[in-house]
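So you know, we letter chains A, B, ... as the sequences are listed, proteins then strands, and number each from 1. All values below were derived from every heavy atom in this structure, side-chain atoms included, with hydrogens, water molecules and symmetry-related copies excluded. The shown structure was predicted, so the numbers you read here are calculated from the model rather than taken from an experiment.
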Protein chains: 2
Amino acid sequence: MLSQTEENYLKALLKITLDNEHGEAGTNELAASLSLKPATVNDMLKKLKEKQFIAYEKYGKITLTALGKKYGWGIVRKHRLWETFLFEKLDFSWDEVHEVAEQLEHIQSVKLIDKLDQFLGYPSFDPHGDPIPTHKGVVKIQYKKLLVDAQENETYKVLAVKDNSSAFLQYVAKVGIQLNCHIKVKSIQTFDGMMHIEVDGKKSTVSQKFAQNIFIE
Amino acid sequence: MLSQTEENYLKALLKITLDNEHGEAGTNELAASLSLKPATVNDMLKKLKEKQFIAYEKYGKITLTALGKKYGWGIVRKHRLWETFLFEKLDFSWDEVHEVAEQLEHIQSVKLIDKLDQFLGYPSFDPHGDPIPTHKGVVKIQYKKLLVDAQENETYKVLAVKDNSSAFLQYVAKVGIQLNCHIKVKSIQTFDGMMHIEVDGKKSTVSQKFAQNIFIE
DNA sequence: TAATAAAGTTAGGTTAATCTAACAAAAAAT
DNA sequence: ATTTTTTGTTAGATTAACCTAACTTTATTA
């Protein structure tokens, strides 16, 4: 069985390798993502390699093995199911679910997760619009289009958010954006990418950084 | 904030001090209850005293302070609410809830527990018939009568069970005993306390040890 | 009450997960 | 093609939570 710490490493590695082109991660990158020092991470990498969760040579890049991906996706599944539970059943807000799910994702009980899945009606997406893997394994629905790629005078539907930090999600909520809502792009400032948008009749101006974190179609 | 380990010590101490006459516990007793060595426990006792959760002098008995009791009951509350959730909402059986609740009780989020309490309809008892403390604090409903104290040819209602081990609970279920069901005591063997009982028309013979673990009225 | 047993303590050691400081290798820039 | 910067590694230390072995205090019993 994996320790909570090991689980967190696998989850972080999964995230990084999915974001990066070649499915690779580096020691410093991983350390930053876990708020740890590279030296600490280096020790753990040896352990994870030993346990066959990662493939990795000295001074080389890190990749997850099939086993590592399996465990990583398992944690993501638990995280997203718990987020859905908190949001749907316990009336947690969008930005509150993540922190508690970070703890709940480490509970060890296959039965618990499968029963929770059933109780929630086998949801396909979590409150942030991210897909929930089934108990069989990976589900990979790739959103490609971001608000930053939008064009003037077009209307788009919000599918998911990229950043799950509570600072960002509170901002998102303030602008009136929810999952599946429609955003009309009024105008885009070519100089700095600032965007004038309208959501349910409410007008706002958002930064390029903001627009890089909203998935649309 | 308390570590999971510290929480387990406080929970065990609460249990022991409630069971013992004078509200006291001993190092070896506590060690046995946690499946640890006395030397290990001794170290932790110093830490818990330092943090003002227990009162305790070298070679003396251990008692919980008001602060220690408060935390201890908080963990019991969480444990029993999660057990109720697993039993009521996720269809876990009587004997399966304990193990998973042992993990869930350590999740840190006041909001989570209060929302869970609300979601469950502010239950007063967990699936074993044990009272659930409110968010204000301690609830102490003392059952005094055990099946072992029953008399021949009388019928009793089951209020709770004392032992929560899955071996015992599976046995209880096999005999047909549920919370609030009625047990008719047909006869009692004076030599060894063996008891012939009937539950919903189903006849069984149970040992004195068994009868010492069923609360009745 | 003295001997024995039980309960509790201390000292020293282990492992997992972290750190800092110093070093080595690889990549980027001049 | 050197130098510099970035990235990654190693060595040695720390802390929490555990252990064993040896010891001390308190309680029990003969």
Chemist: Verify the contact: side-chain N or O of B:Lys58 to OP1 or OP2 of D:dT26, cut-off strictly under 4.0 Å; return yes or no.
Modeler: no

Chemist: Can you tell whether the side chains of B:Asp19 and B:Lys162 come within less than 4.0 Å, N to carboxylate O?
Modeler: no

Chemist: Hey, are the side chains of A:Ile177 and A:Phe210 touching, using non-hydrogen atoms and a 4.5 Å cut-off?
Modeler: yes

Chemist: Closer than 4.0 angstrom, basic N to acidic O: yes or no for A:Arg77 and A:Asp114?
Modeler: yes

Chemist: Taking the six-membered ring where the residue is Trp, are the ring centres of B:Tyr71 and B:Tyr9 under 6.0 Å apart?
Modeler: no

Chemist: Check this for me, if you would: do B:Glu105 and B:Arg80 make a salt bridge, where the nitrogen-to-carboxylate-oxygen distance has to be below 4.0 angstrom?
Modeler: no

Chemist: In whole angstrom, give the distance that lies between atom CD of B:Glu29 and atom P of C:dG8.
Modeler: 8 Å

Chemist: Tell me the interatomic distance from B:Lys61, atom NZ, to C:dA6, atom C1', rounded to whole angstroms.
Modeler: 11 Å

Chemist: Does A:Lys46 put a side-chain nitrogen or oxygen below 4.0 Å from OP1 or OP2 of D:dT10?
Modeler: yes

Chemist: Can you find a side-chain donor-acceptor pair between A:Asn8 and A:His106 that sits under 3.5 Å?
Modeler: yes

Chemist: May I have the distance from B:Leu45 (atom CG) to C:dA7 (atom P), rounded to whole angstrom?
Modeler: 16 Å

Chemist: In whole angstroms, how far is the C1' atom of D:dG8 from the CD1 atom of A:Ile54?
Modeler: 13 Å

Chemist: Can we say A:Lys111 and B:Glu99 salt-bridge, meaning some charged N sits less than 4.0 Å from an Asp/Glu carboxylate O?
Modeler: no

Chemist: Would you mind reading off the distance between B:Tyr56 atom OH and C:dA7 atom C1', rounded to a whole angstrom?
Modeler: 11 Å

Chemist: Any donor and acceptor pair, going by atom type alone, linking the side chain of A:Asp126 with main-chain N or O of A:Gly129 inside 3.5 Å?
Modeler: yes

Chemist: Could I get a table of every N or O pair under 3.5 Å where one atom is in the protein and the other is in nucleotides 27-29 of chain C?
Modeler:
none

Chemist: D:dA21 P sits how many Å from B:Asn42 CG, rounded?
Modeler: 18 Å

Chemist: Can you find a side chain N or O atom of A:Asn28 that sits less than 4.0 Å from OP1 or OP2 on D:dG8?
Modeler: yes

Chemist: Taking NZ, NE, NH1 and NH2 as the nitrogens, is one of them in A:Lys49 or A:Glu57 under 4.0 Å from a carboxylate oxygen of the other?
Modeler: yes

Chemist: Can you give one letter per nucleotide of nucleotides 16-25 of chain C, going 5' to 3': B for a protein heavy atom under 4.0 Å from the base, S for sugar-phosphate only, - for none?
Modeler: SSBBBB---S

Chemist: Within this structure, what is the CD-to-C1' distance between A:Glu24 and D:dT7, rounded to whole angstrom?
Modeler: 14 Å

